[in-house]
Amino acid sequence: MDKKKITNMEVKKKNRNEVFRYICKQETVSNPDISYNMKISLPTATQITKELIAEGLLEEKGELQSTGGRRAKALSAVVNAKLAVGLDITKNHITLLLTNIVGEILKYERICQPFASGEAYYQKVNERLELFLDESGTDKEKVLGVGISFPGIIDLDKELITYSHVLGVEAIPFDVVRSFFSYPCFFLNDANAGAYAEGFHVDETDRFFYLSLSNTVGGAIYDRNELTQGRNFRCGEAGHMTVVIDGESCYCGKKGCLDAYCAAWRLSGAADGKLEQFFSLLDQKDAEAVKIWDSYTDYLAIAVNNIYMILDCDIVLGGYVGSCMGTHLQELWDKVAGRNTFGEKEPYVKACHYKVAAAALGAALKVIETFVSQI
């Protein structure tokens, strides 16, 4: 009897969750729409939306156009009922972003704030966070939490930032970081956060590999609305796959890693440290830029082909390089297609959708998703 009761409760929760997600994606719907498209009874749909309205998560917005008979009430999510903050921590900057329950970017800013391991740094970050929220006029009671993106290995089981070469730290407990903030904190690796941003609006059955090409190279597998983490939370670390035996030295101490050939600085280093300037030179067909890009894409094509051969899914290029690549993606695709054993004609290599603040957005969306999954 108890087992049946629990099962009924779980079914009800699952229905509520799916109905709310459907409404968020459709913007404006009616109870008959929900009933028909989600294959649940009209009384069930009506009861669920009534509950969500009472909780302040849905609202009625007039009536939809009649298709014959009585006009149905138009229902929409109260998009700003709940908010989340994304915080992306890098070596020299922090990015702050505010999003709502449907993933709209309401405000973001990137601030020069060199990382330092210690209380003073986190106190400063918290001050900037509170100022950011004050300047945006945010009702802080609506803030569900702060998603924090770190460039390092995040062990969710041990609740530990186990290692970050970029920041020069290891073994930082989540609770140490949490103690400086007034909101619940959620933690993600930066590549995982970027993948989460890309995956938030895709079809629930989609699967892709997110290859982050920033000043280090990382990656993540996004599969059916979830990140694949791996046994040690290192799944997707494509930056340390070997592309050249005994090749150039990588920061990890090994030789021939993809990171040694495809980190963003390989390009920006030829343009006074400015990646956008490098691609401007490439657009102008500058001989040195063309030569560097040709070499860069040779190695990147090897990595992309290797990933595709193993996972057989789309590959989304993110990070600084993925954001700037533009029309030059075609040059990479030509090389990838030449290596593909099966001769696919349809490109499976894509540039990222979010060009700015992807990691901060993904971290914030993880907070939103945690809330939505509990509705």
How long is the straight-line distance from CG of Asp223 back to CZ of Phe209, given to the nearest 0.5 Å? 12.5 Å
So, for Tyr348 and Tyr308, is the gap between ring centers shorter than 6.0 Å? yes
Residue among Arg21, Lys14, Lys13 satisfying side chain to side chain donor-acceptor pair (under 3.5 Å) with Asn17: Arg21
Before accepting this row, confirm whether a basic side-chain N of the pair Lys254/Glu248 lies closer than 4.0 Å to the acidic partner's carboxylate O. no
Side-chain heavy atoms of Glu135 within contact of Leu131, under 4.5 Å: yes
At what distance, to the nearest 0.5 angstrom, does CG of Leu361 lie from OG1 of Thr95? 11.5 Å
Under 3.5 Å side-chain donor-acceptor pair for Asp88 and Ser149: yes
Does CZ in Arg234 sit with more than 12 non-hydrogen atoms of other residues, nucleotides or ligands closer than 6.0 Å? no
Supply the atom-to-atom distance Glu141 CD to Leu83 CG, rounded to the nearest 0.5 angstrom. 11.5 Å
Glu331: which residues meet the side chain to side chain donor-acceptor pair (under 3.5 Å) condition with it, sequence neighbours left out? Trp293, His328
Donor-acceptor side-chain pairing of Lys255 and Ser249 below 3.5 angstrom: no
Counting C-beta onward and ignoring hydrogens, is there a side-chain heavy-atom pair between Gln229 and Cys235 closer than 4.5 Å? no
Please check if atom OH in Tyr108 has more than 12 non-hydrogen atoms from other residues, nucleotides or ligands closer than 6.0 Å. no
For the CD atom on Glu130, are there more than 12 heavy atoms of other groups (residues, nucleotides or ligands in this structure) within a distance under 6.0 Å? yes
For atom NZ of Lys350, is the number of surrounding heavy atoms from other residues, nucleotides or ligands below 6.0 Å larger than 12? no
Apply salt bridge (charged side-chain N to carboxylate O under 4.0 Å, His left out) to residues Glu59 and Lys61 and explain how you reach the verdict. CA-CA 6 Å; Glu59 60 184 344; Lys61 287 193 169 181; 3.7 Å; yes
Taking the side chain as C-beta and beyond, is there a heavy-atom pair between Phe20 and Asn15 under 4.5 Å? no
Side-chain donor-acceptor contact under 3.5 Å, Glu369 with Ser373: no
To the nearest 0.5 angstrom, please state how far the CG atom of Leu52 sits from the CZ atom of Arg16. 5.0 Å
For Asn31 and Ala45, which heavy atoms make the closest approach, and how far apart are they? OD1-O, 3.5 Å
If you apply the rule side chain to side chain contact (heavy atoms under 4.5 Å, CB included), what do you find for Met241 with Ile307, and how did you get there? CA-CA 10 Å; Met241 70 163 66; Ile307 294 167; 3.7 Å; yes
Positive for side chain to side chain contact (heavy atoms under 4.5 Å, CB included) with Leu211, one of Leu317, Val316, Val321: Leu317
Would you call Arg339 and Met309 a side-chain contact if the rule is heavy atoms closer than 4.5 Å? no
Leu275 and Leu258: same hydrophobic cluster, using ILVMFWY side-chain contacts below 4.5 Å? yes
Looking at Lys50 and Glu60, is any side-chain nitrogen of the basic one under 4.0 Å from a carboxylate oxygen of the acidic one? no
Any donor-acceptor N/O pair, Thr46 side chain to Leu42 backbone, under 3.5 Å: yes
Side chains of Asn215 and Tyr320, donor plus acceptor under 3.5 Å: no
Hey, can you tell me if His240 and Tyr251 have their rings parallel, tilted or perpendicular (30° and 60° cut-offs)? perpendicular
Within a radius of less than 6.0 Å around CD of Glu119, do more than 12 heavy atoms belonging to other residues, nucleotides or ligands occur? no
Is the Tyr122 ring parallel, tilted or perpendicular to the Phe180 ring (thresholds 30°, 60°)? parallel
Between the main-chain N or O of Tyr354 and the side-chain N or O of Glu198, is there a donor-acceptor pair closer than 3.5 Å? yes
Asp312 and Arg207 ion-paired at < 4.0 Å: no
Would you mind checking if Asp294 and Lys291 are paired as a salt bridge, meaning a charged N to carboxylate O distance below 4.0 Å? no
Quiz question: by atom type and distance under 3.5 Å, do the side chains of Asp33 and Ser30 form a donor-acceptor pair? yes
Is there side-chain contact between Val243 and Tyr261, with heavy atoms separated by less than 4.5 Å? yes
Distance check, rounded to the nearest 0.5 Å: Cys324 atom SG versus Leu267 atom CG? 9.5 Å
From CA spacing to verdict: side-chain hydrogen bond (donor to acceptor under 3.5 Å, both in side chains), Lys335, Thr297: CA-CA 8 Å; Lys335 292 183 178 183; Thr297 51; 2.8 Å; yes
Hey, is CG on Asp139 packed in by over 12 heavy atoms from elsewhere, all under 6.0 Å? yes
Going by distance alone, is a donor N or O of one side chain under 3.5 Å from an acceptor N or O of the other, for Gln123 and Glu127? no
Can you confirm whether more than 12 heavy atoms, excluding those of Tyr36, are under 6.0 Å from its OH atom? no
Distance, nearest 0.5 Å, that separates CD1 of Ile89 from CZ of Phe150: 4.0 Å
Greater than 12 external heavy atoms within 6.0 Å of Lys355's NZ: yes
Just to verify, which of Val367, Thr370, Ile101 counts as forming a side chain to side chain contact (heavy atoms under 4.5 Å, CB included) with Leu144? Val367
Do Ile172 and Val177 pass the side chain to side chain contact (heavy atoms under 4.5 Å, CB included) test, and can you show the C-alpha distance, the side-chain angles, and the key distance before you say yes or no? CA-CA 8 Å; Ile172 301 176; Val177 180; 3.9 Å; yes
Within a strict 4.5 Å, meaning less than it, do heavy atoms of the Tyr222 and Tyr210 side chains meet? no
